[in-house]
**Q** 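Below you'll find the structure I mean.
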Amino acid sequence: MNALMKYIEKLPSFLQMILNISLFLVGLILSFLLLKETWSIFSYVFLYTEADKNYYEFTEELLVFFLYFEFIALIVKYFKTNFHFPLRYFIYIGITAVIRLIIVDHDDAKNTFWWSIAILVMVGSLLIANSKLIKREN
């Protein structure tokens, strides 16, 4: 029974190590995809002709770039804050994702209105998350 308790006590550390390795690998993959998206944006700006350019696609690619950037920043913050995900980073990612959705799919005015309300709610929650009562970071 005592040997079993030793293994059970080591289990959280083992799971934390698996989580950290997995997040590190996800960070590497996202960094590669960020570089790929950066190349796509630069090639769009400098190599495409005016006839080939579609500004909705460019804006979509730019917002995807920011999503990659925010996820990488979230992973970096996780390691810097002693294995803790700050809530406000998830809210930033959510706002960026909904803005991308509005830009890509803006055909229905009602859906656009409701997505805009979702952004307003997330901004309100961001104000609450950044208040001194909830903020845990230094």
Side-chain angles (χ1 to χ4, degrees):
M1 186 70 173
N2 204 9
L4 179 65
M5 290 304 290
K6 287 181 181 179
Y7 287 119
I8 291 174
E9 288 175 0
K10 292 180 181 181
L11 184 64
S13 298
F14 177 71
L15 292 175
Q16 184 71 50
M17 182 183 66
I18 290 174
L19 176 68
N20 290 344
I21 291 169
S22 300
L23 278 175
F24 178 75
L25 293 174
V26 168
L28 288 177
I29 292 168
L30 288 174
S31 297
F32 171 75
L33 293 173
L34 179 72
L35 291 173
K36 185 178 171 186
E37 197 67 36
T38 304
W39 172 252
S40 176
I41 289 171
F42 278 119
S43 66
Y44 182 86
V45 170
F46 295 114
L47 301 178
Y48 286 13
T49 64
E50 281 298 318
D52 296 334
K53 291 186 178 181
N54 182 347
Y55 292 106
Y56 286 117
E57 289 180 15
F58 175 73
T59 307
E60 182 181 355
E61 286 184 16
L62 193 61
L63 287 171
V64 168
F65 171 84
F66 282 114
L67 283 172
Y68 286 135
F69 186 81
E70 288 172 355
F71 275 115
I72 293 169
L74 177 69
I75 292 171
V76 168
K77 193 68 170 175
Y78 170 80
F79 287 111
K80 283 187 174 182
T81 58
N82 198 16
F83 314 121
H84 171 71
F85 284 117
L87 174 66
R88 57 193 172 93
Y89 279 74
F90 287 110
I91 298 172
Y92 295 147
I93 291 169
I95 291 170
T96 305
V98 173
I99 289 171
R100 179 190 171 276
L101 179 71
I102 289 173
I103 289 172
V104 171
D105 185 28
H106 58 275
D107 297 334
D108 187 14
K110 286 182 185 179
N111 285 342
T112 303
F113 172 75
W114 288 116
W115 288 120
S116 301
I117 295 297
I119 291 173
L120 183 64
V121 168
M122 285 188 275
V123 168
S125 62
L126 186 60
L127 288 172
I128 293 170
N130 281 336
S131 70
K132 293 184 188 254
L133 297 174
I134 295 178
K135 199 171 187 181
R136 289 182 6 168
E137 299 175 30
N138 290 333

**Q** Measure the spacing between NZ of K77 and OH of Y89 and express it to the nearest 0.5 Å.
**A**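 Taking NZ in K77 and OH in Y89, the distance rounds to 4.5 Å.
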**Q** Should we say atom CZ of F83 is surrounded by more than 12 heavy atoms from elsewhere, each under 6.0 Å from it?
**A**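 It does: F83 CZ has more than 12 such atoms within range.
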**Q** Looking only at heavy atoms, which two atoms of I99 and I119 are closest? And how far apart?
**A**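 Minimum heavy-atom separation between I99 and I119: CG1-CD1, 3.6 Å.
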**Q** Could you tell me the separation between the CG atom of N130 and the CD1 atom of I91, rounded to the nearest 0.5 Å?
**A**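 Reported value, rounded in 0.5 Å steps: 7.5 Å.
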**Q** Would you say F24 and L35 are hydrophobically clustered, going by side-chain heavy atoms of ILVMFWY under 4.5 Å?
**A**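 Different hydrophobic clusters.
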**Q** Can you get from W115 to V123 by hopping between Ile, Leu, Val, Met, Phe, Trp and Tyr side chains that sit under 4.5 Å apart?
**A**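 Yes, because W115 and V123 connect within a single hydrophobic cluster, where side-chain heavy atoms sit under 4.5 Å apart.
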**Q** Of Y48, Y44, F42, which meets ring-ring contact (aromatic ring centres under 6.0 Å, His included) against F58?
**A**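 Testing F58 for a ring-ring contact (aromatic ring centres under 6.0 Å, His included) against Y48, Y44, F42 leaves exactly one candidate, Y44.
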**Q** Decide yes or no for L25 and I21: does some side-chain heavy atom of the first lie under 4.5 Å from some side-chain heavy atom of the second?
**A**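 They are in side-chain contact.
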**Q** To the nearest 0.5 Å, what is the distance between CD1 (I102) and CG (N111)?
**A**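 So the CD1 of I102 and the CG of N111 are separated by 10.0 Å.
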**Q** Is there a path of hydrophobic side-chain contacts, each under 4.5 Å between heavy atoms of I/L/V/M/F/W/Y residues, joining V121 to I128?
**A**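 Per the 4.5 Å side-chain linkage, I128 and V121 are not co-clustered.
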**Q** Answer yes if L62 and Y55 sit in the same cluster of Ile, Leu, Val, Met, Phe, Trp and Tyr residues linked by side chain heavy atoms under 4.5 Å apart, and no otherwise.
**A**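 Yes; Y55 is reachable from L62 via cluster members.
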**Q** Report yes if some heavy atom in the side chain of V64 is under 4.5 Å from a heavy atom in the side chain of R100; otherwise report no.
**A**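 The answer is yes; the side chains approach within 4.5 Å.
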**Q** Check for me, please, whether V26 and L33 land in the same ILVMFWY cluster - side-chain distances under 4.5 Å, paths through other members count.
**A**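 In one cluster: yes.
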**Q** Please report the interatomic distance OG1(T96) to CG(L101), rounded to the nearest 0.5 Å.
**A**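 Answer for the OG1-CG pair, T96 versus L101, is 12.5 Å.
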**Q** Of the options Y92, F79, F90, which is the one that meets F85 in a ring-ring contact (aromatic ring centres under 6.0 Å, His included)?
**A**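 When Y92, F79, F90 are each tested with F85, the ring-ring contact (aromatic ring centres under 6.0 Å, His included) holds only for F90.
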**Q** Is it true that, when you exclude F69 itself, more than 12 heavy atoms of the residues, nucleotides or ligands shown sit nearer than 6.0 Å to its CZ?
**A**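 No, because the 6.0 Å sphere around CZ of F69 holds 12 heavy atoms or fewer from other groups.
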**Q** Sort out for me which residue in W39, F66, F65 forms a side chain to side chain contact (heavy atoms under 4.5 Å, CB included) with L34.
**A**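 Result for side chain to side chain contact (heavy atoms under 4.5 Å, CB included) with L34: F65.
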**Q** Got more than 12 heavy atoms from elsewhere within 6.0 Å of CE, M17?
**A**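 Yes.
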**Q** Give a yes or no answer on whether the side chain of S40 reaches the backbone of K36 with a donor-acceptor pair at less than 3.5 Å.
**A**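 No.
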**Q** When rounded to the nearest 0.5 angstrom, what is the spacing between CG in L120 and CD1 in I95?
**A**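 Result: 10.0 Å between the selected atoms.
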**Q** So which heavy atom on V104 is nearest to which on E60, and how close?
**A**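 Reported closest heavy-atom pair: CG2-CD, 3.4 Å.
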**Q** Hey, does the side chain of Y78 reach the backbone of N20 with a donor-acceptor pair shorter than 3.5 angstrom?
**A**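 Not at all, since once roles are kept as given, no pair shorter than 3.5 Å links the two residues.
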**Q** How far does CG of L23 sit from CD of Q16, to the nearest 0.5 angstrom?
**A**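 That separation rounds to 9.0 Å.
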